[in-house]
Student: 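Below is the structure I would like to discuss, written out as structure tokens.
Both ligands and their constituent atoms are indexed starting at 1 by order of listing. Values below: every heavy atom of this structure, side chains too, minus hydrogens, waters and symmetry copies.
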Amino acid sequence: MEVLMSNWCTKTAQSLPEKYVFPPGKRPGKLDFPVCENVPVIDLKKAKSQQILNAFQEFGFFQVINHGIPVSLIDKTMRVFQEFFGMPPEYKSIFYSTDMKRKCRIYSSSMDYDKEEVHYWRDNFTHHCHPIEDHIGLWPENPTNYREVVRKYSIEGRKLLLRILDLIGEGLGLKPGYFDGGLSETQLLSINHHIPCPDPSLTVGMPEHRDPNLITMLHQCSVPGLQVFFQGQWMNIEPMENAFFVIPGMQLKAISNGKFSSPIHRVMTHSKRARTTIGTFLIPSMDILVKPAEDFCGNSPCYRGFTYKEFFNAYVENERDWELTLESFKVKE
Ligand code: OGA
Ligand code: NI
């Protein structure tokens with residue numbers, strides 16, 4: 001069977017292939033999950049740093065509105081990605097790779113497609129985007145406006161996340177610009193695409209996970225699917241028009257000395273509609289030291305400093321669990 005699900009014909013997707021059926025403990029098992037009510041909404045036009053800190057501490061995430069990214073640009077970008085997933089298989093195959101080191105790649109399910117017992121119901125297209133000029137030459141040239149549109153979106157996304165990080169820094173009492181430079185050096189766009197799924201109760205679009213990044217910003221289209229594990233249960237995050245969902249990553253947890261945690265989330269599939277989401281990740285460069293900010297925690301850091309490279313390598317030894325990975329850098333008392 002075709003590896004990329006976006007290449008499947010409608011007939012293939014009419015019943016759920018066995019390879020996508022998760023064992024009972026790992027499948028959603030039902031569809032009627034409660035909606036997460038009162039997700040904090042941060043109006044960036046008038047936001048104070050304390051509001052963001054409260055949102056991270058009380059919920060662990062928020063939606064941001066009045067963020068300055070034009071709706072027309074968001075819509076255009078979404079269309080470009082949807083068109084890209086709809087391109088002929090031969091074109092997409094140029095970008096197909098399961099090698100994490102490839103800086104612009106499309107793949108299906110996870111990096112372990114060939115080894116995993118069950119596949120996740122998703123295709124993903126990921127590429128680097130900072131500094132733009134170093135990477136744009138690797139991006140698709142089709143759709144023909146891909147580079148022009150995605151360039152604008154990447155620049156705006158970076159600006160927005162750095163503004164949010166500045167507010168977070170202010171709230172933690174850090175020097176202005178603390179997150180600029182090495183801590184946010186790497187920027188990825190990660191596009192999830194899920195074709196309609198014959199039985200969303202038996203499979204998942206993305207497994208439960210925490211984001212290893214510094215910070216993540218997600219644009220969901222109008223099709224629901226994102227769930228957070230909140231107050232002891234899975235809850236749906238309803239898509240909010242023209243808003244971005246912001247999630248602190250594990251690096252922010254380390255820098256805030258554990259004040260923020262990175263929420264567990266996953267993706268459900270949809271029986272009728274295809275779903276495409278645009279994730280923007282800021283990530284430390286491989287060699288910069290990530291550590292609890294001294295201006296914030298003084299002489300009592302909970303974690304020792306580490307590089308992102310070390311963090312990434314420790315992941316494999318820690319049951320591929322980002323929370324356990326960070327635990328392994330805990331300072332012993
Ligand atoms: C992610 C993620 C959620 C979604 O890319 O890390 O959690 O709805 N995405 O696509
Ligand atoms: Ni995530």
Side-chain angles (χ1 to χ4, degrees), residues 5-6 28 33 35-36 39 56 59-64 74 77-78 81-82 84-85 100 104-112 119-129 153-154 157 161 186-197 200 203-230 234-253 260-270 273-284 308 311-312 315 320-323 325-326:
M5 306 180 79
S6 53
F33 289 91
V35 170
C36 185
V39 175
F56 274 176
F59 281 77
F61 43 81
F62 59 81
Q63 302 268 17
V64 62
I74 302 175
T77 310
M78 183 58 88
F81 288 131
Q82 286 166 339
F84 175 74
F85 279 102
M100 289 268 289
C104 180
R105 59 176 190 272
I106 191 170
Y107 61 93
S108 198
S109 182
S110 81
M111 286 298 153
D112 287 324
H119 303 311
Y120 301 104
W121 192 267
R122 76 152 177 171
D123 285 346
N124 178 272
F125 183 52
T126 293
H127 64 61
H128 284 241
C129 20
Y153 184 87
S154 306
L161 280 176
T186 303
Q187 180 182 350
L188 298 184
L189 267 177
S190 170
I191 317 305
N192 280 331
H193 181 75
H194 316 269
I195 62 172
C197 174
T203 192
V204 279
M206 233 186 144
E208 63 173 81
H209 68 283
R210 299 176 202 263
D211 290 355
N213 315 325
L214 178 65
I215 193 163
T216 298
M217 153 181 136
L218 193 75
H219 180 66
Q220 301 194 70
C221 58
S222 58
V223 185
L226 179 64
Q227 290 191 328
V228 290
F229 195 73
F230 187 61
W234 286 107
M235 291 192 186
N236 292 331
I237 299 290
E238 297 272 277
M240 188 175 175
E241 224 177 310
N242 304 326
F244 294 101
F245 191 70
V246 178
I247 309 176
M250 295 306 292
Q251 309 307 306
L252 207 48
K253 176 168 183 175
F260 307 141
S261 58
S262 179
I264 299 176
H265 52 289
R266 71 178 181 188
V267 177
M268 297 278 290
T269 59
H270 196 280
R273 299 172 63 192
R275 176 175 189 268
T276 308
T277 60
I278 313 174
T280 300
F281 306 157
L282 292 188
I283 303 170
Y308 195 68
F311 191 78
F312 221 84
Y315 178 60
R320 296 181 174 245
D321 176 326
W322 294 119
E323 188 75 2
T325 305
L326 185 59

Student: Side chain of D123, backbone of M5: donor and acceptor closer than 3.5 Å?
Tutor: yes
Student: With sequence neighbours left out, write down each residue that passes salt bridge (charged side-chain N to carboxylate O under 4.0 Å, His left out) with E323, or none if nothing qualifies.
Tutor: R210, K253
Student: Between H265 (side chain) and P263 (backbone), is there a donor-acceptor pair under 3.5 Å?
Tutor: yes
Student: Hey, what's the ring geometry for F230 with F59, parallel, tilted or perpendicular (30° and 60° as the breaks)?
Tutor: parallel
Student: Just by distance, do the side chain of N124 and the backbone of I191 share a donor-acceptor pair under 3.5 Å?
Tutor: yes
Student: Apply ring pair (Phe, Tyr, Trp, His ring centres under 6.0 Å) to F311 and list each qualifying residue two or more places apart in sequence or on a separate chain.
Tutor: F306, W322
Student: Given a threshold of 2.8 Å, state how many protein N/O/S atoms are nearer than that to the Ni ion (ligand 2).
Tutor: 3
Student: On the 0 to 90° scale, with breaks at 30° and 60°, tag the F312-Y315 ring pair as parallel, tilted or perpendicular.
Tutor: tilted
Student: Exactly which residues line ligand 1, taking a heavy atom under 4.0 Å from it as the test?
Tutor: N192, M206, H209, D211, L218, L226, H265, V267, R275, T277, F281
Student: Is the shortest heavy-atom distance from the side chain of V204 to the side chain of P28 under 4.5 Å?
Tutor: yes
Student: So, D112 and S110: side-chain donor and acceptor under 3.5 Å apart, yes or no?
Tutor: no
